[in-house]
Each structure stands twice: as structure tokens, then as C-alpha cells.
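Notes follow the structure.
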Amino acid sequence: MSNIRYYISIFARRMPWFLIVAGLISGFAVAVAITLPPAYVSSTRLLVESSQIPGQLAAPTVELSGEERLQIFETQLLTRANMLEIARELDVLPDQRNLSPDEIVAGMRSRTSIRNQAGRNRATLMTISFESEDPRKAAAVLNEYLTRVLNLDTEYRTGRATQTQQFFEQEVQRLGEQLDQQSGEILRFKTEHADALPDAQDFRRNRQTALQERLVQTERDISELEDQKQRLEQVFVATGQVQAGEVGANRSPDQVALDQARTQLREALLIYSETNPRVKMLQARVDQLALVVAEAQVEAEGSGTRDATVPVNPAQTLYELQVAELDSKLASLTDQKQRTEVELDKLEDAIARTSANAIALEALERDYTNIQDQYNQASARLATASTGERIELLSRGQRVTVVEQPSVPTEPTKPNRLKLGAAGVGAGILAGAALIALLEMLNTSARRPIDLVNGLGITPLATVPYLRTRREKFRRRASLIAVILVIGAAIPASIYAVHTYYQPLDLIADRIMNKLGVRG
């Protein structure tokens, strides 16, 4: 009990300080609760609707979840530029002309409330509220919010779909140009290396084999003809005859040569075409010999006898004809050998270059195939993007719709004056009690016998308290009453002076709550 009486006495002594602090805070809180203007709250609700066209039939371009889209819209809506523009356009805040841009933004954001609801197997909703002293301004600001959110949704959907389509259009155009360029490179390469392309390598090898066999056969024929010519010369030099019984008594050498030429022509036509140089040469020889034989027959029929003054050696004539025939064959085979060797050299060079050309052509075609695959994929994605853009332009995809339109509130929702006043009085009492406790903690003087024991470390035999006279008690009580009266009169007067001569209390409270980010 003694401790309780002690603390009561301390509280009584510190009563003026308690009254000052508690009175100021409580008075200010009550005055604010009384003077705060009524606040009206207008709200609207938005719903994120799913796509009206199944994704299995047409994939949408915008594939964000509803909650993520609402968070994006909330962030874009509460930007500094939007807050300042709406506040200045609608003159939302009281005494707005005297507020800085930062205070305007803070006031607009503190009066705006946005709540999102989302979850598994639940619809995605957004609730937007705005608080204002004027119900019409609250509804006007909320309508502006709603307009901007719907515009953001439309711009976001159509803009993203359009940008996606434009991107793939550019990709298709770019890849198409690369395809054309790569096709030109392949065509140029094939034109420059037409004689050494890998697709004709088998033909060239077969042709090379055939030419090599022909070259061997031609060299064999040349060798046989040279041997035959050498034997013919040896026989003629040794015997003066070509072959026994070769020339009949009734046949002239021209006729024998004509028959041999015709035989050779028939044999040549079995192997070569009529345009072959050898065939043409034999044909010319047959024509020439036929003309000579015809002229000889005409002369023989006209004269009846041979001119005895011109000696004729049939063996010499036949020898010369056969040598000329062998020389013609050798010349033809030699020319054929040279042409075969030239063609073989070209084939060998083409075959040698084919491997390098095949590698280079394979690289070009591989690049072409890769570009073609990319082009096909881009074309398919362009078709999907075009469908997605069409869906978004017709508003058939995921979109934000208004569930509840904003309306002008008829009843104020804030402030709760009783709650604010009670909270202010409670805060004042706690602040006064805290001040008394702080003053006692800072006071280290001895005021009780136990303080003497704790401070000096001795136990006194007895303690005599200070006894005040009646006059001192009256004076103390009078001064306490005077302080209470002064405090009781000064606190309302100071609050009234601040409200009247400095700034209205509701504006001061409104600024404080804006800075704290809360509303009353």
C-alpha cells in the first residue's frame, strides 16, 4: 500500500505536466475528429475474362495471367504523371493550389485503394476505391481511373498483338531475302563450276573409262596400221608387186581402187555416222575414183585402143593407193587420239575439282536448308500471330470487363469521429503517463527511506518526513488549481488560434495522414 500511495503522490506532483501533454494531444484529436469533413468513397470492380476462343483452336498472342495483368495496370495507373494529371484536371484535393507536386501525388495515392483477388479455381477481380470530401469528385476520379485501366488493357492487348505480328512479318521478309540471296549464290556457283558438279561425277567417271578404252584401242589400231604400211613397203621393194593376183587382166587399177574404197566406205558407215570426218573423206575418195574410172571408160570407147606411148604400171598404182589409204587412216586415228587425250585431261581436272566443289556446294545448300526451315517456322508463327491479332482486335481474347460501375456515394463512410476522438484521448493519456515516467527515471534524488538505504548503504534508525504548514498546503493546492485552469483554457485557445490564424485543423490532419499514407 505504501508503494501505491507513493506513486499516487508522485503522479499528483507531476499532474501539471500530465495535463499539459494529455490535454494538448486529446484536445487536438477531438478537435480534428469534430472538424474533419466527411469522406465519401466510390468503388468499382473489374473482372478478367478468359478467352472466348479455345486455345486449342487459336493460340492467343497475349499469354499473361490475369493477376499479372492487373498488377501491371495498377502500377501504370498509380504513376506520378497519371496522379498529377487527374488531380489537376478534376481539382481533387482541397487547397490543391498550395500543395507541391509530391504532396499531390502522395494525397492521390493515399486516397486510392486497389485490391486484387485471384487464386486457383477462382475468378481474378480488381476492386478500385477512391476517397474524397466531395462525392461527385470521388465518382469522377474513379471514372477516370476506370477509363484509363480499360484503355491500358486495350492498348496492351492490341499493341502486343500488333507488335508480335509486325515482328514476324519482318522476320519472314528478312528470311525471304536471305533465301533469294542464298539461291543466287547456289546458282552462281553451279554456273561457274558446271563442268565439275558432284551430281555428274558418275557420268564423268564412266566417260573417263570409255575414253581410256578408246584411247588404248586407237593406239592399237595406229600401231597395226603402221606395221601394215611397213610390211607393204617391204614387199613392194622386194618383189615390185603388192599382192599376187590382186589386179585382173580385164580390170584397171582405178577400178580396183574404186572397189576397195567402196568397201572401206561401207565398213566405216557401220561404225561412224555420215557426218564423221572419216566417212566424209572416204565418200570424197569414192566420188573421185568413180569420176576417174568413168573418164577412162569414155576415152577407151572413143579411141578403141590404149595409147601405147603412156606406160602403165598397175602394181605401182595399187601400191600408191594402198599407202595413201593407210596414211589417211593413220591421220584420222592420230586426230582421234589427240581429241581423246584432250577430253581425258579435261575430265581428270573436273573429277579432281569435284570433291572441293561438293564440299562448298554442300555448305551452301546446308545454309539454304537452315534458312528455309527458319522461314517456314516464321511463316507458321506469322499465321498464328495474325490470328492472335485478329482475336485481340475483335476483343475475343482475354480482356478486362467492368462488373460494377462507379457511382456517386450518398452517405459518408469516413471519418469515425467517436473512434478518432477516443483514440486521441487514449494517446494523450499514454503520452502524459510516459512523460511522468520519464521524469521520474531522470530524477535521482532521495525521497524515501529506502532511497537512503540504497544510496548511502546504511540503515537509519528513524526518518522524519517534511511536514508542510496549512499555508503551504493551501498555496500548493491553489497553484495546482490555477495551472489546471490555465491549461484548460490555453489548450482550446491554442487549438482555436491554429485553426483560425494558421491553417484549418482538417487540412493539417489531411496533410499528416497523406504523409503517413493513411486515411482517417
Side-chain angles (χ1 to χ4, degrees), residues 206-303 305-308 310-347:
N206 295 333
R207 179 65 176 170
Q208 183 185 31
T209 302
L211 289 176
Q212 288 174 349
E213 293 176 356
R214 180 186 296 180
L215 181 62
V216 172
Q217 183 64 35
T218 303
E219 291 176 349
R220 188 183 298 116
D221 293 342
I222 291 175
S223 177
E224 291 178 355
L225 289 175
E226 289 177 350
D227 292 342
Q228 184 179 355
K229 180 180 179 181
Q230 185 178 4
R231 287 195 302 270
L232 182 64
E233 291 177 354
Q234 292 175 355
V235 170
F236 182 76
V237 171
T239 62
Q241 298 292 331
V242 178
Q243 289 181 353
E246 185 68 24
V247 181
N250 298 325
R251 293 173 60 87
S252 66
D254 293 334
Q255 291 177 343
V256 174
L258 179 60
D259 292 339
Q260 292 179 352
R262 287 174 176 173
T263 301
Q264 293 175 359
L265 178 60
R266 286 194 298 269
E267 292 177 353
L269 286 174
L270 294 176
I271 300 174
Y272 306 104
S273 63
E274 295 181 356
T275 59
N276 189 275
R278 176 176 174 79
V279 173
K280 291 182 178 180
M281 181 185 67
L282 290 174
Q283 184 66 46
R285 183 179 177 188
V286 168
D287 295 341
Q288 183 180 5
L289 288 174
L291 181 62
V292 171
V293 170
E295 291 178 354
Q297 291 179 353
V298 170
E299 292 178 358
E301 292 176 355
S303 60
T305 59
R306 185 180 301 272
D307 190 0
V310 180
V312 177
N313 187 353
Q316 179 70 28
T317 304
L318 183 60
Y319 168 75
E320 292 177 355
L321 289 174
Q322 290 184 357
V323 170
E325 179 183 357
L326 292 176
D327 290 339
S328 175
K329 289 182 178 179
L330 284 173
S332 176
L333 291 175
T334 302
D335 180 65
Q336 181 180 352
K337 177 183 177 182
Q338 293 177 352
R339 288 186 283 104
T340 303
E341 289 176 347
V342 171
E343 187 175 356
L344 275 174
D345 292 339
K346 292 181 179 180
L347 284 174

Exercise. Within a strict 4.5 Å, meaning less than it, do heavy atoms of the Q338 and V342 side chains meet?
Worked result: no
For this session: Run the salt-bridge test on R339 and D335 with the 4.0 Å N-O cut-off and return the result as yes or no.
Result: yes
For this session: Decide yes or no on side-chain contact (heavy atoms from CB on, under 4.5 Å) for Q228 and E224, but give the supporting numbers first.
Result: CA-CA 6 Å; Q228 184 179 355; E224 291 178 355; over 6 Å; no
Problem set entry | Distance in Å, D221 CG paired with K337 NZ, rounded so as to fall on 0.5 Å steps | 11.5 Å
For this session: Can you measure from OG (S332) to CG (N276) and round to the nearest 0.5 angstrom?
Result: 6.5 Å
Exercise. When rounded to the nearest 0.5 angstrom, what distance separates CG in D345 from OG1 in T340?
Worked result: 11.0 Å
Exercise. Strictly by modelled atom types, are Q217 and R214 linked by a side-chain donor-acceptor pair under 3.5 Å?
Worked result: no
Exercise. Between NZ of K329 and CD1 of I222, what distance do you get to the nearest 0.5 Å?
Worked result: 13.0 Å
Problem set entry | Approximate separation, where rounding is to 0.5 Å, of K346 NZ and L211 CG | 12.0 Å
Seminar exercise, completed: One should read off an interatomic distance between L330 CG and L225 CG, to the nearest 0.5 angstrom, of 5.0 Å
Problem set entry | Heavy-atom closest contact (L326 atom, K229 atom, distance) | CD1-CA, 3.5 Å
Exercise. Is the closest side-chain heavy-atom distance between Q208 and Q212 below 4.5 Å?
Worked result: yes
